[in-house]
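Just below is one structure, and these are the notes that go with it.
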2 protein chains.
Amino acid sequence: MKRTHHCAQLSKADLGATVSLAGWVDSVRDHGGIIFVDLRDREGITQVKFDSALREQAARLKDESVIGITGKVESRPEAMVNKNLPTGEIEVDATEVVVHNLSETPPFPLTDAGGDKVNEDMRLTYRYLDLRRPKMRKNLAVRHRATKSVRDYFDGQGFYEVETPALFKSTPEGAREYLVPSRIHAGQFYALSQSPQQFKQILMVAGVEKYFQIARCFRDEDLRADRQMEFTQIDVEVSFIDREGIYALFEGMLKKVWKDVLDHDLPTPFPRLAFKDAMNRYGVDKPDTRFAMELVDLSDTFKNSGFKVFQSTIANGGAVKAFNGKGLADVTQGEIGALEDIAKSLGAKGLAFIKVEKGEWKSPIVKFFSDAEKAELTQRLNLEDGDIAFFAAAPWERACAILGRIRLEAAQLLVKRGKLTLRADQWNFLWVVDFPLMSYDEERGGYAATHHPFTSPVPEDAALLDSDPKAVRGQHYDVVLNGMELGGGSIRIHQPDVQEKIFKDVLKIPADVVESRFGYMLRAFKFGAPPHGGIAFGLDRMVALLCGTTSIRDVIAFPKTQRAQDLMTQSPTSVTEKQLKDLHIQTVMPE
Amino acid sequence: MKRTHHCAQLSKADLGATVSLAGWVDSVRDHGGIIFVDLRDREGITQVKFDSALREQAARLKDESVIGITGKVESRPEAMVNKNLPTGEIEVDATEVVVHNLSETPPFPLTDAGGDKVNEDMRLTYRYLDLRRPKMRKNLAVRHRATKSVRDYFDGQGFYEVETPALFKSTPEGAREYLVPSRIHAGQFYALSQSPQQFKQILMVAGVEKYFQIARCFRDEDLRADRQMEFTQIDVEVSFIDREGIYALFEGMLKKVWKDVLDHDLPTPFPRLAFKDAMNRYGVDKPDTRFAMELVDLSDTFKNSGFKVFQSTIANGGAVKAFNGKGLADVTQGEIGALEDIAKSLGAKGLAFIKVEKGEWKSPIVKFFSDAEKAELTQRLNLEDGDIAFFAAAPWERACAILGRIRLEAAQLLVKRGKLTLRADQWNFLWVVDFPLMSYDEERGGYAATHHPFTSPVPEDAALLDSDPKAVRGQHYDVVLNGMELGGGSIRIHQPDVQEKIFKDVLKIPADVVESRFGYMLRAFKFGAPPHGGIAFGLDRMVALLCGTTSIRDVIAFPKTQRAQDLMTQSPTSVTEKQLKDLHIQTVMPE
């Protein structure tokens, strides 16, 4: 019995036709001795009527059984028409049925609501059932569509998709990696590639000019809701391009994906924000700009203040910052306590605030302020009745970080009160740029690359590399959406002498380590390396956003749990002694 | 300086325009004090003239240096026009030059011929240079185009591309796999997926109906010219489909790829050949049908022969087979010796033959034949002057295998003599079908699945599963091209009871092993598994054929050597004690 149509296809135009359908029993109903089966396939549902000799067979079908039927397309009786279903005006009167597979009763209802109620471990154990739920089926479809759209875009722009190895070389200094023991080379290991970074730069040296890859990457980090052991990134590298070129290229891609998948016109170009401005205004390098409540620097206001806490912080080179939690004066004592705990976890001594209620300022600190300071506060924070101002006094970066976090928490409290709406389909993309190239690691007493050591300095800062590495900005850029960093990249160094200087003089990596880790790259750069730059962008996260879900596990067909297990296949497992022996390793159990 | 054109773009239509190009110095020539640089990028070459103040700078440029230039498009003098180059009628008179990167002298010439002459280790060590050679650049482009074509095809057919995990569960009974130690679960391991077989079947149970994936797979086998540690396969699975459906689907894909990449119209449908017929006619299950020289079964002819070797083989249930090495009577003594060695390595006692030269039969065995036997031989083998017939007398399968191999060797000898042409662009695709489902492993004393244990029996043979498993044909199919197996697949078992019977009653896998390895699949099949089938097809091999190369290493950007090493990055390597400790393993060096 060969399928002639799928289950969302038949309409009144097909009346009288003999058709064959196949799919899953979505439900069975007995209406006065006639059996109605809602037959479901990937595309939709068609009602099938059994009122002949097949009635008995149909009555025994349990939900989720797989059948094929042949029958004639008929009009539904007026009362049974379902205007919400594409096939809602017809039904198929079955003349033949084949039962391919009888189903046991699923452990949870395969509806969107039914699956959302059970715990995720159950869904992952029975992933083949979980994926039958309408929203999970849609997520797979969206992932396919989005991925195809990305590929069509880069193909149209003249890019080659080039596959790079998953089995790479161990680079122990970076993020924790998965090792793969070699059978042929006893005692040696491959590492699973954390990203194609080095290979894609090598492809530029190879003259590929425009490379992309939808690349599987592996990172042995502790897993969180938005992390998986293996994840997929949109990986891009281009020769003879500058930052502006990358912005335009990637905005074009996102525009196409949003159009293809959501039929939404993403406005471009995206706003750009320097790292310093992002920190100053939002207290974070990945600001959520769907709401204001921007941070204000009050160091000028308080530099001669009678409030010694503020005054001395500023005198010691720190900053006093604040923002207006607009309309949140009704914050509860408990909520304030929770906010204070968060501030303390970020290094604050406490969380100073001023509530304005019925014209009155309620605050433990306001008594220290002069009238002029109060007037300036009111004006600069636009303080009105019902508002609450939060303060931080600390070294600049920490003051920013504390209030950046409190700002996000305050937004959540406003959302809870119905005073703020954060729409998941408001797409506030932006580029964050002009990051510092290096950060000084106090503990280690040396410089570390803010992103990675291949990032090229901003040309006008290059001269500072010797005198003041911290002041050098890198040609790095992050794509940020609604408070999430979705990807980032940079224009790279393509001159072997500059790259060597970064490794040896700035990062102080010993010469033998440079040689063993990066020697081949430095050599490659001596044979005609073009200027180049690129970007890496999280596909899983992008698809999750397109699907309106917060967990990337909902857009990965077979994810691992946060304990790094596959609950369906029961992995990882112990292996045989012979396998270990072949690989020249043995296990050492922790005490 | 921003690139305005690529290096294959400018023509007389652009005369007088000011343009900017960027790329590699392909060559530098000094013509009476004027410097000419052939500037090369991914697309082509443009001649750049330096006769101004830039002359000196240009003269210092070594080949493969990277520069950008700005200049005016001019006509070349009549004598310098190059009709073979798209840009051969123009040159650019440079007014500005930027030297991005000076190149050292490459260790080998970056021409097709230059690279072909050096050993492959050198090419792999300097892969970034090797990939600049025109044919390697073209291979990358073809791979991109072919992969895109495959994706477009399946997308157009309503398939979802679904990513499945690389980190899978160890299944030690199969091909040797790569293990990945778990940090979180001490003493436990993941295995790198050898193919998405189980996941794709689970996706069918999940209702995806039409799945495909261009999937990275990993196999720790000993490497040969056409094997890599990691390789890429076109992986497909469909629900509610039969063998005919798969054939049509996949022929459609190949037709599209050949059209898109080579502009070649592949005739479809492909011929089909039952396994038995393939063995009988070509002595192999992946016949090269670009030439005839088919095997003939002479058991009837010789069953009462006076030649005891033949007669007794047949009496013992074996077969006597032969083929006519058409026109190869001039085979040398040395060549015959080599053929005999091959036959012996396959279990033959020797290699009987009859040469026909000047009407005379020259053969050590012909004296045993009756006139009637000779007449029948002449007629059935179409023996003519200049021919040579090769014989094998052995159990049927071995007789087939011996002559199948000799047939291929004979073809090569004919090619060497210019008597046969085997064109690499003659695309003799065919399906080999009706394989036996099981083979009896004499050594182990039990049945083994010919392909894998998920293959469904041919319906009309299913009843023989209990009584005579060896006689059951599987619903398996291989795609064969010119003597190479490019892929294969099957209609799978979707009934849990049949699958369990295969595991336990036929393959005699212990119940606990079935549970730990396949328990989740058997469980999945109890919740509404649709009938389904699929295919897996080697992408690397396909692209190699499209590129006209015999080595898949030529179509993989960064392949490993046959010693499983990456010569460019120097992988694998030893790792630190800390890394091993984190993963709860230590190395054990072989004695």
Side-chain angles (χ1 to χ4, degrees), chain A residues 3 22 24 42 64-66 100-101 103-104 128 131-132 140 144 148 155 160-162 165-166 169-170 172 178 180 182 184-190 202 205-207 209 230 240 520 524 526-531 557-558 564 568-569 571-576 579 584-590, chain B residues 3 22 24 42 64-66 100-101 103-104 128 131-132 140 144 148 155 160-162 165-166 169-170 172 178 180 182 184-190 202 205-207 209 230 240 520 524 526-531 557-558 564 568-569 571-576 579 584-590:
Chain A
R3 202 186 218 183
W24 286 259
R42 201 184 71 180
E64 298 306 318
S65 295
V66 178
H100 292 299
N101 190 294
S103 182
E104 295 184 4
Y128 39 86
L131 291 175
R132 282 189 207 158
L140 291 181
H144 167 71
K148 185 70 171 56
D155 181 61
Y160 295 165
E161 183 161 22
V162 180
K169 174 182 176 145
S170 172
Y178 289 103
V180 181
S182 166
I184 297 176
H185 302 277
Q188 301 200 338
F189 294 80
Y190 306 93
I202 288 289
V205 183
E209 295 196 25
E230 46 187 313
F240 307 112
Y520 78 97
K526 289 180 180 163
F527 290 102
F558 302 103
M568 183 180 75
T569 67
S571 169
T573 60
S574 54
V575 298
T576 64
Q579 285 175 286
H584 319 289
I585 57 169
Q586 63 186 37
T587 58
V588 185
M589 296 307 285
Chain B
R3 203 186 217 184
W24 286 258
R42 200 183 72 180
E64 298 306 318
S65 296
V66 179
H100 292 299
N101 191 294
S103 181
E104 297 183 2
Y128 40 87
L131 291 175
R132 281 188 208 160
L140 290 180
H144 167 71
K148 184 71 172 52
D155 180 62
Y160 294 166
E161 183 160 21
V162 181
K169 175 183 175 143
S170 171
Y178 289 103
V180 181
S182 167
I184 298 176
H185 303 276
Q188 301 199 340
F189 294 80
Y190 307 91
I202 288 290
V205 183
E209 295 196 26
E230 45 187 313
F240 307 114
Y520 78 96
K526 289 180 181 163
F527 290 102
F558 302 104
M568 183 181 73
T569 67
S571 170
T573 59
S574 54
V575 298
T576 64
Q579 285 176 286
H584 319 288
I585 57 170
Q586 62 186 39
T587 58
V588 185
M589 296 305 284

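In the text below, chain A, chain B and the rest are named by the order of the sequence lines, each starting its count at 1.
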### Message
If you define the side chain from C-beta out and look only at heavy atoms, does anything of B:H584 sit under 4.5 Å from A:P590?
### Response
yes
### Among A:L131, A:D155, A:L140, A:V162, residue most engaged with chain B (heavy-atom pairs, under 4.5 Å)
A:D155
#### Entry: Options A:R3, A:Q586, A:M589, ranked by heavy-atom pairs under 4.5 Å with chain B, top entry
A:Q586
#### Entry: Any residue meeting side chain to side chain contact (heavy atoms under 4.5 Å, CB included) with B:A166, in chain and number order, not counting sequence neighbours
A:R216, A:F218, A:E230, B:F218
### Query
Highest number of heavy-atom pairs under 4.5 Å with chain B: which of A:A22, A:S574, A:P165?
A:P165
### Top of B:V575, B:I184, B:T576 for chain A proximity - count of heavy-atom pairs under 4.5 angstrom
B:V575
#### Entry: Top of B:S182, B:P530, B:S65 for chain A proximity - count of heavy-atom pairs under 4.5 angstrom
B:P530
### Summary
So, the part of B:K526 with a heavy atom under 4.5 Å from chain A: the answer is both
### Summary
Honestly, the part of B:Y190 sitting under 4.5 Å from a heavy atom of chain A is both
### Task
Can you see which heavy atom on B:G528 is nearest to which on A:W24, and at what distance?
O-NE1, 2.9 Å
### Message
Minimum heavy-atom separation for B:T587 and A:G187, please, with both atom names.
### Response
CG2-CA, 4.0 Å
### Task
Work out which heavy atom in A:A529 is nearest to a heavy atom in B:N101; give both atom names and the distance.
O-CB, 3.1 Å
### Task
With a 4.5 angstrom heavy-atom cut-off, could you sort out which part of B:H185 is near chain A: side chain, backbone, both or neither?
side chain
### Query
With chain B, which of A:S571, A:S103, A:P572 has the greatest number of heavy-atom pairs at distances under 4.5 Å?
A:P572
#### Entry: Heavy-atom contact with chain A under 4.5 Å, split by part of B:R132
both
#### Entry: Heavy-atom pairs under 4.5 Å with chain B, option from A:A524, A:G207, A:A557 with the top count
A:A524
### Query
So which of A:S170, A:A186, A:A206 has the biggest tally of heavy-atom pairs under 4.5 Å with chain B?
A:A206
### Task
With side chain to side chain contact (heavy atoms under 4.5 Å, CB included) as the test, would you mind laying out the steps for B:Q579 and A:F189 before giving the verdict?
CA-CA 11 Å; B:Q579 285 176 286; A:F189 294 80; over 6 Å; no
### Query
If you take all heavy atoms of B:V588 and A:I585, which pair is closest and at what distance?
CG2-C, 3.9 Å
### Message
How close do A:H144 and B:E161 get, counting heavy atoms only, and between which atoms?
### Response
ND1-N, 2.9 Å
### Query
Where do B:Y520 and A:M568 land on the side chain to side chain contact (heavy atoms under 4.5 Å, CB included) test, with the steps shown first?
CA-CA 7 Å; B:Y520 78 96; A:M568 183 180 75; 3.8 Å; yes
### Query
Side chain, backbone, both or neither: which part of A:R42 has a non-hydrogen atom closer than 4.5 Å to chain B?
both
#### Entry: Contacting region of A:T573 [heavy-atom separation from chain B under 4.5 Å]
both
### Query
With only heavy atoms counted, which part of B:V205 is less than 4.5 Å from chain A, the side chain, the backbone, both or neither?
both
### Query
Tell me, side chain or backbone of A:F240 under 4.5 Å from chain B's heavy atoms, or both, or neither?
side chain
### Task
Of all the heavy-atom pairs spanning B:T569 and A:K169, show the shortest one and how long it is.
O-NZ, 2.6 Å
